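Okay, so here's the structure we're looking at.
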Amino acid sequence: MKSYLDLVQSVLTEGSWQDNRTGTRTISLPGAMLRFDLQQGFPAVTTKKLAFKTAVGELVGFLRGSRSAAEFRELGCKVWDQNANDNAAWLANPYREGPDDLGPVYGAQWRHWPAYKVLPAENTAQIADAQGRGYRQVTEFIDCNLGPAVLLYKAVDQLRQCLDTIESNPTDRRILFHGWNWAQIEEMALPPCHLLYQFHPSVARREISLSLYIRSNDLGLGTPFNLAEGAALLHLVGRLTGYTPKWFTYFIGDAHIYENHVPMLQEQLTREPHPLPQLLLSDRIPDRAQTGRYEPEWLEQVEPGDFSLVGYQHHAPLTAPMAV
Ligand SMILES: Nc1nc(=O)c2c([nH]1)NC[C@@H]1CN(c3ccc(C(=O)N[C@@H](CCC(=O)O)C(=O)O)cc3)CN21
Ligand SMILES: O=c1ccn([C@H]2C[C@H](O)[C@@H](COP(=O)(O)O)O2)c(=O)[nH]1
């Protein structure tokens with residue numbers, strides 16, 4: 001994880017101070033990339049202790065489409081509590097559905113992106129095509145432009161569709177899922193930071209890679225979690241589709257360090273990184289390459305305990321407050 005420390009160092013030396021909505025300013029640098037060969041090890045930060053169980057709890061919550069901090073807590077992850085319950089702007093938001101609600105964040109979009117179509121009532125070919133794709137008619141109405149129209153709806157399981165495409169058409173260059181739903185950004189406690197995930201199967205090598213785009217990344221707290229969760233997701237998808245994880249490429253829009261995280265990161269810069277650990281996925285998650293069977297329902301069935309690190313050496317724990 002020297003590349004993580006190099007990024008921290010370049011934000012400290014080349015970044016600039018900037019205010020933001022939280023009231024804790026940051027040193028920010030626009031545009032950064034980290035790239036890991038997962039066959040060389042799992043990208044766990046070693047210059048402090050990574051809260052690995054918390055991070056996989058968060059990932060499992062996303063996989064289940066959770067939108068409640070209570071569900072994340074039940075999975076061993078408390079990092080959403082403050083965003084759900086301690087942010088004045090969110091507490092006053094009319095879309096908030098009571099204590100612990102986060103709105104339709106991350107997993108809600110990954111697994112149930114709400115999709116609507118308005119089609120002319122007379123266009124039976126379009127309506128039949130939409131219904132063939134799983135859209136159901138909600139209502140008929142008079143549209144001011146179209147005249148008689150039908151409204152159709154379906155929830156898109158983007159992640160499942162990615163796995164289905166890896167299975168059926170692995171050379172497709174469109175195997176991605178997105179968290180940034182413009183129609184619902186205002187309904188979320190926090191608009192998504194990690195928002196675009198694209199899978200790249202290599203049929204020749206039977207390997208799979210992931211590109212991840214993060215629009216805004218808190219290098220002190222968020223980055224170690226986002227790296228671990230992205231890599232763990234790629235391992236899981238590889239297991240379920242029969243590909244070996246290979247490249248994990250991590251793109252950051254706004255890479256920043258909060259002012260009150262500077263001492264923690266400076267301490268990490270004095271520490272020599274340890275060799276990377278390995279990720280072990282439990283045997284109960286079926287290996288598509290061994291069984292020959294495609295069992296994508298495991299996306300919902302995995303538990304935090306199905307993920308463990310082997311040979312994780314790390315320096316002493318360090319932490320810092322989260323900006324809300
Ligand atoms: N300011 C901010 N930074 C973030 O990274 C962040 C948010 N907000 N809000 C939403 C999510 C939640 N994520 C978080 C939030 C907190 C920790 C954190 O405090 N980590 C501690 C360990 C916490 C524990 O074990 O429960 C750490 O020291 O790594 C990590 C990720 C990433 N996100
Ligand atoms: O997975 C995550 C979630 C959040 N963050 C950080 C990035 C920012 O510091 C804040 C979000 O604030 P915005 O004003 O919406 O950018 O949370 C992260 O690093 N990783």
Side-chain angles (χ1 to χ4, degrees), residues 1 4 7-8 11 15 18-30 32 34 44-59 61-62 66-69 71-90 93 100-103 105-107 109-110 179-180 185-186 188-197 212-233 250-265 267-268 304 312 314-324:
M1 293 289 277
Y4 168 71
L7 174 58
V8 166
V11 172
Q18 180 121 303
D19 290 326
N20 62 77
R21 61 169 182 89
T22 68
T24 306
R25 61 185 191 144
T26 61
I27 312 176
S28 297
L29 186 68
L34 300 173
V45 168
T46 61
T47 46
K48 69 173 182 183
K49 183 171 192 258
L50 170 69
F52 179 73
K53 283 290 156 213
T54 308
V56 295
E58 185 182 30
L59 176 63
F62 293 154
S66 299
R67 56 173 282 169
S68 160
E71 286 174 32
F72 286 101
R73 279 198 303 279
E74 280 161 28
L75 291 165
C77 173
K78 294 187 192 144
V79 303
W80 281 101
D81 291 4
Q82 287 177 282
N83 289 117
N85 300 319
D86 292 345
N87 179 288
W90 177 240
N93 186 312
D100 287 323
D101 187 42
L102 292 160
V105 292
Y106 299 107
Q109 302 299 336
W110 298 10
W180 194 270
I185 290 296
E186 61 273 21
M188 303 179 190
L190 198 69
C193 291
H194 45 104
L195 47 76
L196 176 58
Y197 290 75
L212 167 57
Y213 185 84
I214 312 211
R215 66 165 177 88
S216 170
N217 213 189
D218 169 351
L219 294 192
L221 291 180
T223 306
F225 271 53
N226 296 135
L227 287 172
E229 291 174 55
L233 175 67
Y250 184 94
F251 298 92
I252 307 178
D254 182 314
H256 52 262
I257 295 173
Y258 284 98
E259 186 163 23
N260 54 358
H261 295 182
V262 171
M264 171 176 80
L265 288 163
E267 169 63 25
Q268 286 181 256
Y312 180 41
H314 55 80
H315 287 267
L318 289 172
T319 196
M322 186 186 96
V324 186

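Atoms within each ligand, like the ligands themselves, are counted from 1 in listed order. In this text the structure is predicted, and so the values were computed from the model without any measurement. Quick note: residue numbers are just sequence positions, from 1.
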Could you check whether the rings of His261 and Tyr258 sit parallel, tilted or perpendicular, using 30° and 60° as the cut-offs? perpendicular
Among all protein heavy atoms in this structure, tell me which lies nearest to atom 13 (N) of ligand 1, with the distance rounded to 0.1 Å. Val79 CG2, 3.9 Å
Ranked by distance from atom 1 (N) of ligand 1, the top protein heavy atom is Ala323 O, 2.8 Å
Has Asn20 got any heavy atom lying under 4.0 angstrom from an atom of ligand 2? no
When you compare ligand 2 with Asn217, is there at least one nitrogen or oxygen pair between them that comes in under 3.5 angstrom? yes
Note the single closest protein heavy atom to atom 18 (C) of ligand 1, along with its residue, its atom name and the distance in Å. Leu221 CD2, 3.8 Å
Quick check on Tyr258 - does any of its heavy atoms sit under 4.0 Å from an atom of ligand 2? yes
Answer yes or no for Phe62: is there a heavy-atom contact with ligand 2 below 4.0 Å? no
Non-hydrogen atom of Lys78 closer than 4.0 Å to ligand 1: no
Heavy-atom protein neighbour under 4.0 angstrom from atom 9 (N) of ligand 1: yes
To the nearest 0.1 Å, how far is atom 15 (O) of ligand 2 from its closest protein heavy atom, and which atom is that? Arg215 NH2, 2.8 Å
Checking Glu229 now: which residues fulfil side chain to side chain contact (heavy atoms under 4.5 Å, CB included) with it, not counting sequence neighbours? Ala55, Glu58, Leu59, Phe62, Phe225
Of all protein heavy atoms, the one nearest atom 32 (C) of ligand 1 is Gly222 CA, 4.2 Å
Under the rule for salt bridge (Lys or Arg N to Asp or Glu O under 4.0 Å), what residues qualify as partners of Glu267, not counting sequence neighbours? Arg271
Just going by heavy-atom distances, which of Asp218, Ile214, Leu195 is nearest to atom 19 (O) of ligand 2? Asp218
Nearest non-hydrogen protein atom to atom 5 (N) of ligand 2, with distance, is Cys193 SG, 3.5 Å
Evaluating non-hydrogen atoms only, which member of Met188, His261, Glu58, His256 is closest to atom 8 (C) of ligand 2? His256
Ligand 1 atoms in contact with Asp218 (distance to a heavy atom under 4.0 Å): 1 (N), 2 (C), 3 (N), 4 (C), 5 (O)
Just to confirm my output: which protein heavy-atom neighbour is closest to atom 6 (C) of ligand 1, and how far is it? Met322 SD, 4.3 Å
Closest approach of any protein heavy atom to atom 28 (O) of ligand 1, naming residue and atom: Thr319 OG1, 2.6 Å
Could you tell me if the side chain of Gln268 sits less than 4.5 Å from the side chain of Met1, heavy atoms only? no
Taking only non-hydrogen atoms of Asn226 and a 4.0 Å limit, the atoms of ligand 2 in range are 1 (O), 2 (C), 18 (C), 19 (O), 20 (N)
